[in-house]
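First comes the structure, then the notes that go with it.
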Amino acid sequence: MDVNKKTEIVNARRINKIRWIAGLSMSVLVIVFTVVATILNITNFYGDTSYLAGFGTLRMFTTLSNIIAAVAAFMCLPFQLDGLKRDRYKLPSWIVVLLYVGAVGTFLTFLIALTFLSATQGFVKAMFGNSNLFMHTISPICITALFVLILTDAHIGFRASFLAMIPTVLYCLLYYIMVFALGIWEDHYQANTFVPWPVSLLFILSLAFGIAQGLRALHNLMNKRVTAMVARYYLEAPDFEFPRVSDAVAHLAEVRSKFHFDGDDIDIPVDIIALLCQRYSASIVPLDILYDIYLENYMRFIKKPDEAK
């Protein structure tokens with residue numbers, strides 16, 4: 001094996017496009033499955049006779065966590081569609097955090113169903129019975145994969161893990177009030193059946209915190225890999241092999257101008273220009289000059305179609 005053989009440089013723009021197409025498809029799946037499962041439960045399509053039938057399903061953390069995940073997926077759609085249209089593959093950090101919140105809640109549901117519910121109800125019923133197929137299995141897996149593997153556009157800090165815990169903490173508080181303080185709800189999660197309820201609630205909170213840390217670590221690992229892939233593309237790919245950094249910046253402006261639409265704001269990709277400076281060891285070149293070169297060429301290229309008329 002030749003240890004000096006260079007690894008292939010992937011086209012980061014192409015990979016990002018594939019990543020976003022996959023993410024868009026998965027976002028739609030999460031939304032559709034959640035809406036369908038929620039409607040089926042609220043209308044009691046399956047003929048459930050328990051007090052959790054109909055609108056009683058909204059008392060379940062499973063339903064609430066899946067709805068939060070679907071909202072997060074829905075909020076991604078405008079950015080995903082716009083990104084594919086304009087070749088811009090970057091989500092706002094607050095969207096990524098919202099995905100994080102949805103992933104932690106639904107993965108908690110998935111894990112509880114896979115272990116405790118499967119032990120008491122049977123694996124098939126817990127994971128695939130009626131709407132459980134959507135809310136215990138498919139949607140949690142999709143939103144978790146979406147956050148961990150696909151839409152990894154921002155590094156998630158430790159403090160954000162407490163935001164991801166908010167739905168679980170609020171539900172535990174609500175459950176305590178409605179079940180143990182006021183006695184309005186039945187103990188449908190059997191929190192006081194096998195062990196005292198404080199132990200059950202503490203266990204759930206601890207499990208949710210562990211899930212939050214695990215998903216955050218996996219997400220950040222993928223974020224690091226994607227960031228490194230993009231950086232290597234602009235640092236080494238022959239697509240930007242020019243005599244001078246100014247030529248590379250002008251080429252970047254030409255590439256990005258192809259996705260310009262009337263009314264678009266013109267954004268200068270300062271992060272990419274910084275990478276090109278690093279590639280050409282052009283630290284002595286003032287960045288504002290390179291920004292002007294980019295803007296000048298960008299404007300020139302978007303005006304070419306008009307000049308050809």
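Note that the structure is a prediction, hence the values are computed from the model and not measured. Values reported hereafter were calculated over all heavy atoms of this structure, with side chains retained and with hydrogens, waters and symmetry mates removed.
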Rounded distance (nearest 0.5 Å) linking atom [atom1] of [X] with atom [atom2] of [Y]:
| X | Y | atom1 | atom2 | result |
| --- | --- | --- | --- | --- |
| K90 | I95 | NZ | CD1 | 13.0 Å |
| L218 | I156 | CG | CD1 | 12.5 Å |
| L173 | I177 | CG | CD1 | 4.0 Å |
| F116 | Y189 | CZ | OH | 13.5 Å |
| Y89 | Q80 | OH | CD | 12.0 Å |
| L235 | I272 | CG | CD1 | 11.0 Å |

Do we see a donor-acceptor contact under 3.5 Å between the side chains of [X] and [Y]?
| X | Y | answer |
| --- | --- | --- |
| Y46 | N41 | no |
| T63 | T57 | yes |
| D187 | Y175 | yes |

Any residue meeting ring-ring contact (aromatic ring centres under 6.0 Å, His included) with H251, in chain and number order, not counting sequence neighbours: F240, F242
- request: May I ask you to check whether F301 and H260 place their ring centres under 6.0 Å from each other?
  value: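 That pair fails the under 6.0 Å test.
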Which donor-acceptor pairs under 3.5 Å do the side chains of residues 48-55 make with protein atoms, sequence neighbours left out?
from : atom 1 : to   : atom 2 : distance (Å)
D48  : OD1    : S50  : N      : 3.0
D48  : OD1    : S50  : OG     : 3.2
D48  : OD2    : S50  : OG     : 3.0
S50  : OG     : L52  : N      : 3.3
Y51  : OH     : E186 : N      : 3.2
Y51  : OH     : E186 : O      : 3.1
Y51  : OH     : H188 : ND1    : 2.7

Donor-acceptor pair, side chain of [X] and main chain of [Y], under 3.5 angstrom:
| X | Y | value |
| --- | --- | --- |
| N132 | M127 | no |
| T43 | L40 | yes |
| S257 | E254 | yes |
| Y233 | D239 | no |
| T120 | L117 | yes |
| Y294 | S246 | no |
| R88 | F79 | no |

Considering non-hydrogen atoms only, spot the tightest contact between [X] and [Y] and give its length.
| X | Y | value |
| --- | --- | --- |
| S65 | T106 | O-CG2, 3.4 Å |
| A154 | N220 | O-OD1, 4.3 Å |
| P140 | N66 | CD-OD1, 4.0 Å |
| L205 | M165 | O-CE, 3.4 Å |
| M26 | A145 | SD-CB, 3.9 Å |
| A208 | L108 | CB-CD2, 4.1 Å |

Any side-chain heavy atom of [X] sitting closer than 4.5 Å to one from [Y]?
| X | Y | value |
| --- | --- | --- |
| I211 | L215 | yes |
| L287 | V270 | no |
| L174 | W185 | yes |
| S200 | N192 | no |
| L98 | L163 | no |
| P167 | V101 | yes |
| H219 | V96 | yes |
| L151 | W20 | yes |

- request: Before accepting this row, confirm whether a basic side-chain N of the pair D153/R19 lies closer than 4.0 Å to the acidic partner's carboxylate O.
  value: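 Yes, charged N to carboxylate O under 4.0 Å.
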- prompt: Would you call D87 and R256 a salt bridge, using N to O less than 4.0 angstrom?
  reply: no
task: Apply the test side chain to side chain contact (heavy atoms under 4.5 Å, CB included) to residues R13 and V255: give CA-CA distance (whole Å), side-chain angles for both, the deciding distance (0.1 Å), then the verdict.
output: CA-CA 11 Å; R13 290 175 55 244; V255 171; 3.7 Å; yes
task: Would you please classify the geometry between the F209 ring and the F162 ring as parallel, tilted or perpendicular, with 30° and 60° separating the classes?
output: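 Tilted: the ring planes of F162 and F209 meet at 30° to 60°.
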Single hit among V30, I143, L133 for side-chain contact (heavy atoms from CB on, under 4.5 Å) with I138: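 It is L133; the other options fail the test.
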task: From the options F147, W94, F107, select the one residue that forms a ring pair (Phe, Tyr, Trp, His ring centres under 6.0 Å) with Y100.
output: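 Answer to the ring pair (Phe, Tyr, Trp, His ring centres under 6.0 Å) test with Y100 among F147, W94, F107: F147.
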message: Run the side chain to side chain contact (heavy atoms under 4.5 Å, CB included) test on L84 and L24 for me, step by step, so that the C-alpha distance in whole Å, both residues' side-chain angles and the decisive distance to 0.1 Å come before the verdict.
response: CA-CA 10 Å; L84 289 171; L24 177 62; 3.9 Å; yes
field: Neighbour count >12 (heavy atoms, 6.0 Å) for atom CZ, F74
entry: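 No - once you tally the heavy atoms of other residues, nucleotides and ligands closer than 6.0 Å, there are 12 at most.
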query: Within 45° of the six-membered ring axis of F261 and under 6.0 Å from that ring's centre, is NZ or CZ of K85 located there?
result: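 The answer is yes, since K85 meets both limits relative to F261.
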message: Test side chain to side chain contact (heavy atoms under 4.5 Å, CB included) on F61 and T168; report intermediate values, then the result.
response: CA-CA 8 Å; F61 182 75; T168 307; 3.7 Å; yes
message: Applying side chain to side chain contact (heavy atoms under 4.5 Å, CB included) to K17 and R14, what does each step give before you reach the verdict?
response: CA-CA 5 Å; K17 184 175 182 179; R14 185 181 299 117; 5.7 Å; no
